[in-house]
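First up is the structure itself, then whatever we jot down about it.
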Amino acid sequence: MSAEPHAGPHVLILGGTTEARRLAETLAAPEPAPPTPPFRVTSSLAGRVAAPVLPPGEVRIGGFGGPEGLAAWIATHRVTHLVDATHPFAERMSFNAARAAALSGVPLLALRRPGWTPGPGDDWTFAPDLDGAAALLPRLGAARVFLTTGRTGLHAFAHLTRPWFLVRSVDPPAGPVPPRLEVLLARGPFTLGDERELLSRHRIDLLVTKDSGGSATAPKLAAARAAGVPVLVVRRPPVPEGVPEAGTAAAAAAWLHEHAART
Ligand code: NAP
């Protein structure tokens with residue numbers, strides 16, 4: 001962390017996503033140059049990834065200690081604007097950001113990549129959350145399920161003795177898991193060809209996914225469509241009430257410059 005005094009606006013980006021990194025890059029090299037003074041940019045990472053790709057600007061790593069800890073950090077470092085660019089399913093951090101913004105009086109924006117929508121040929125069923133997906137799953141009659149909702153959410157499915165599940169993750173799952181489970185240790189990105197081959201090799205008859213959005217993990221959806229495999233989609237938790245949203249880094253940068261011009 002730089003100790004340089006900075007009189008201009010200071011944005012804290014709560015990150016861990018491609019969009020968060022893109023926003024830091026956009027603010028580091030604005031094109032064309034905005035009318036407002038340059039932002040001091042600090043990106044915050046949770047510290048879950050051993051060797052993260054670091055964005056330009058300052059970076060801090062690790063939790064703040066709840067909303068009060070975040071509000072204290074905002075005050076100490078004279079943060080003027082807060083952007084919650086965490087993953088759409090990082091619900092606790094989004095709640096903390098809203099609470100900390102209210103405590104400190106700094107404007108908050110949620111940067112969320114758009115969710116996925118079904119197209120022609122898709123057979124999607126929606127569940128409100130992970131528990132809802134586990135409750136719906138037995139009714140869909142699948143025997144071999146590719147479960148891609150993340151290794152930390154496997155406990156929601158741990159009570160299901162049927163069907164058989166395939167899980168793919170970088171690190172092995174910890175905590176309760178379903179009894180009939182095969183774990184494939186692998187690191188993405190995965191191409192459409194990879195995903196088609198995997199669905200076919202394991203004779204998958206249902207894909208379960210969170211509505212993460214974005215292109216990085218979308219090939220599994222295209223592969224399911226091509227193979228006629230139905231998809232159970234877990235809906236996103238809502239953005240906290242009253243928090244404005246932007247769908248792209250460019251829109252978030254525009255919001256920041258507009259707000260900075262007003263102060
Ligand atoms: P979470 O449940 O919403 O947050 C748990 C705690 O982790 C928070 O209370 C906070 O600790 C800390 N934290 C989360 N994001 C942080 C950040 N950007 N900077 C500093 N502290 C942070 O979060 P999660 O779902 O475990 O996700 C953790 C990180 O991985 C997030 O940054 C998210 O963007 C990224 N990620 C999540 C997913 C997903 O599916 N959930 C997928 C890809 C990437 P304190 O209360 O101590 O501040």
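Both ligands and their constituent atoms are indexed starting at 1 by order of listing. Note that the structure is predicted; figures quoted are calculated from it, not measured. Heavy-atom basis, side chains included; hydrogens, waters and symmetry copies ignored.
Contacts of Ala100 classified as side-chain contact (heavy atoms from CB on, under 4.5 Å), with partners at least two apart in sequence or in another chain: Leu70, Ala71, Ile74. Scanning for side-chain hydrogen bond (donor to acceptor under 3.5 Å, both in side chains) contacts around Arg168 gives Glu195, with sequence neighbours left out. Considering only residues two or more places apart in sequence or on other chains, Glu91 meets the side-chain hydrogen bond (donor to acceptor under 3.5 Å, both in side chains) condition with none of them.
With 3.5 Å as the limit, one finds a donor-acceptor pair spanning the side chains of Ser94 and Arg112. Under 3.5 Å, the side chains of His77 and Thr42 contain no donor-acceptor pair of N or O atoms.
More than 12 heavy atoms of other shown residues, nucleotides or ligands fall within 6.0 angstrom of atom CZ in Arg262.
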Do any nitrogen or oxygen atoms of ligand 1 lie under 3.5 Å from a protein nitrogen or oxygen, and which ones?
residue  : atom   : partner : partner atom : Å
ligand 1 : 3 (O)  : Ala90   : O            : 3.2
ligand 1 : 3 (O)  : Glu91   : N            : 3.4
ligand 1 : 3 (O)  : Arg92   : N            : 3.0
ligand 1 : 3 (O)  : Met93   : N            : 2.8
ligand 1 : 7 (O)  : Arg48   : NH2          : 3.1
ligand 1 : 9 (O)  : Asn96   : ND2          : 3.3
ligand 1 : 18 (N) : Gly15   : N            : 3.4
ligand 1 : 18 (N) : Gly15   : O            : 3.3
ligand 1 : 18 (N) : Ser44   : O            : 3.0
ligand 1 : 19 (N) : Ser44   : OG           : 2.7
ligand 1 : 26 (O) : Arg48   : NH2          : 3.0
ligand 1 : 32 (O) : Gly15   : O            : 2.8
ligand 1 : 34 (O) : Gly15   : O            : 3.2
ligand 1 : 34 (O) : His87   : N            : 2.8
ligand 1 : 40 (O) : His87   : ND1          : 3.3
ligand 1 : 40 (O) : Lys210  : NZ           : 2.9
ligand 1 : 46 (O) : Gly66   : N            : 3.0
ligand 1 : 46 (O) : Asn96   : ND2          : 3.3
ligand 1 : 47 (O) : Phe64   : N            : 3.3
ligand 1 : 47 (O) : Gly65   : N            : 2.9
ligand 1 : 48 (O) : Phe64   : N            : 2.7
ligand 1 : 48 (O) : Gly65   : N            : 3.4

